[in-house]
Amino acid sequence: MQIRDAIQQASQALALSSESARLDAELLLCKVLGKNRSYLFAWPEKELNAQQQASFQTWLEQRRQGMPIAYLLGYREFWGLDLEVTAATLIPRPDTELLVQLALERMSALTAPSILDLGTGSGAIALALAKERPDAKLLALDKSAEAVAVAQRNQQRLGLNNLRLLVSDWFSAVPIASRFDLIVSNPPYISENDRHLFEGDVRFEPRSALSSGVEGLDDLNYIIQTAPNYLNAQGWLLLEHGYDQGLAVTKLLKMTGYTEVACYPDLGGNDRVSLGCYPL
Ligand code: GLN
């Protein structure tokens with residue numbers, strides 16, 4: 001079978017299960033052939049050998065059953081960085097780049113800022129900040145040892161040395177008396193009853209990275225309450241949250257004593273990141 005026909009057939013096979021059937025087919029074929037997409041367009045008549053055809057079918061079948069393309073390819077781009085992702089990590093979302101951007105703005109006047117990232121997963125937020133601010137000192141934590149291993153591989157591949165990664169249940173492994181200028185987190189925030197947990201890519205992602213209590217606010221609330229113990233005076237807390245949680249999160253921040261509390265929309269116009277400054 002030729003490349004052109006393989007893509008054609010695979011796009012049809014994926015049409016019902018994926019909104020990006022053709023792109024998925026092309027990316028999976030690139031993986032099988034060990035080539036980039038321009039190769040597919042340059043050599044549409046090249047024949048696949050039997051082994052390549054068989055492994056293409058295996059990947060397609062997994063995609064047809066809903067396995068996220070990021071897990072099949074083993075990577076996802078975030079903030080211009082190619083990040084390894086596995087089923088132990090959430091797949092980084094473009095929306096989360098807003099959190100990175102707001103964090104960079106909050107520390108633009110600081111030299112060598114200290115930053116804590118809670119629930120780092122693949123390391124996306126921490127690595128983006130480490131890349132943008134080589135002078136920063138970062139600590140990134142995750143409860144999952146598997147996720148920390150993925151983040152460590154990403155760190156090594158990107159050669160970013162201003163970041164330390166540790167297994168930690170929220171703040172538990174933060175060295176005593178450590179204080180940070182910024183604390184950032186994209187914690188689990190989906191309601192445990194939300195039907196969205198049982199749809200699309202999300203079905204395959206770690207539940208522990210997604211849902212948190214009946215209203216999805218348990219971990220957000222815990223972080224809001226606990227972060228002041230770890231913030232420098234005038235330090236910032238920045239949190240990603242659900243599209244319908246802006247009001248609840250900003251209220252919790254204000255009630256806990258944060259000032260300059262604000263909520264920002266993502267590219268889709270949904271409330272997505274709230275932040276506050278802790279005065280003392
Ligand atoms: N934004 C993700 C989603 O809606 C959830 C990420 C999270 O819970 N931190 O699928």
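Ligands are counted one by one from 1 in listed order, and the atoms in each one are counted from 1 as well.
- The shell of residues lying under 4.0 angstrom from ligand 1, judged by heavy atoms, includes Ala209.
- For Pro188, no nitrogen or oxygen atom sits less than 3.5 Å from a nitrogen or oxygen atom of ligand 1, counting backbone and side chain alike.
- No continuous path of ILVMFWY side-chain contacts below 4.5 Å connects Tyr71 to Phe78, so the two sit in separate hydrophobic clusters.
- Val174 and Leu163 fall into different hydrophobic clusters, defined by Ile, Leu, Val, Met, Phe, Trp and Tyr side-chain heavy atoms under 4.5 Å apart, directly or through other members.
- Considering only non-hydrogen protein atoms, atom 1 (N) of ligand 1 sits nearest to Tyr189 OH, 2.7 Å.
- Counting protein heavy atoms only, atom 10 (O) of ligand 1 is closest to Arg93 NH2, 2.6 Å.
- Close to ligand 1: His196, with a non-hydrogen atom less than 4.0 angstrom away.
- Counting atoms of ligand 1 from 1 in the listed order, those under 4.0 Å from a heavy atom of Pro187 are 7 (C), 8 (O), 9 (N).
- In terms of polar-atom proximity, defined here as any N/O pair under 3.5 Å, Leu210 does make such a contact with ligand 1.
- Looking at Tyr258 and Leu275, their side chains never come closer than 4.5 Å, going by heavy atoms from C-beta outward.
- In the hydrophobic clustering of this structure, Val261 groups with Tyr189; members are Ile, Leu, Val, Met, Phe, Trp, Tyr whose side-chain heavy atoms approach within less than 4.5 Å, directly or through other members.
- Counting all heavy atoms, side chain and backbone alike, Lys131 lies closest to Leu160 at CA-CD2, 3.8 Å.
- Open room surrounds CD on Glu146; 12 or fewer heavy atoms of other groups in view lie less than 6.0 Å from it.
- Residue contact check: Asn186 has heavy atoms under 4.0 Å from atoms 7 (C), 9 (N) of ligand 1.
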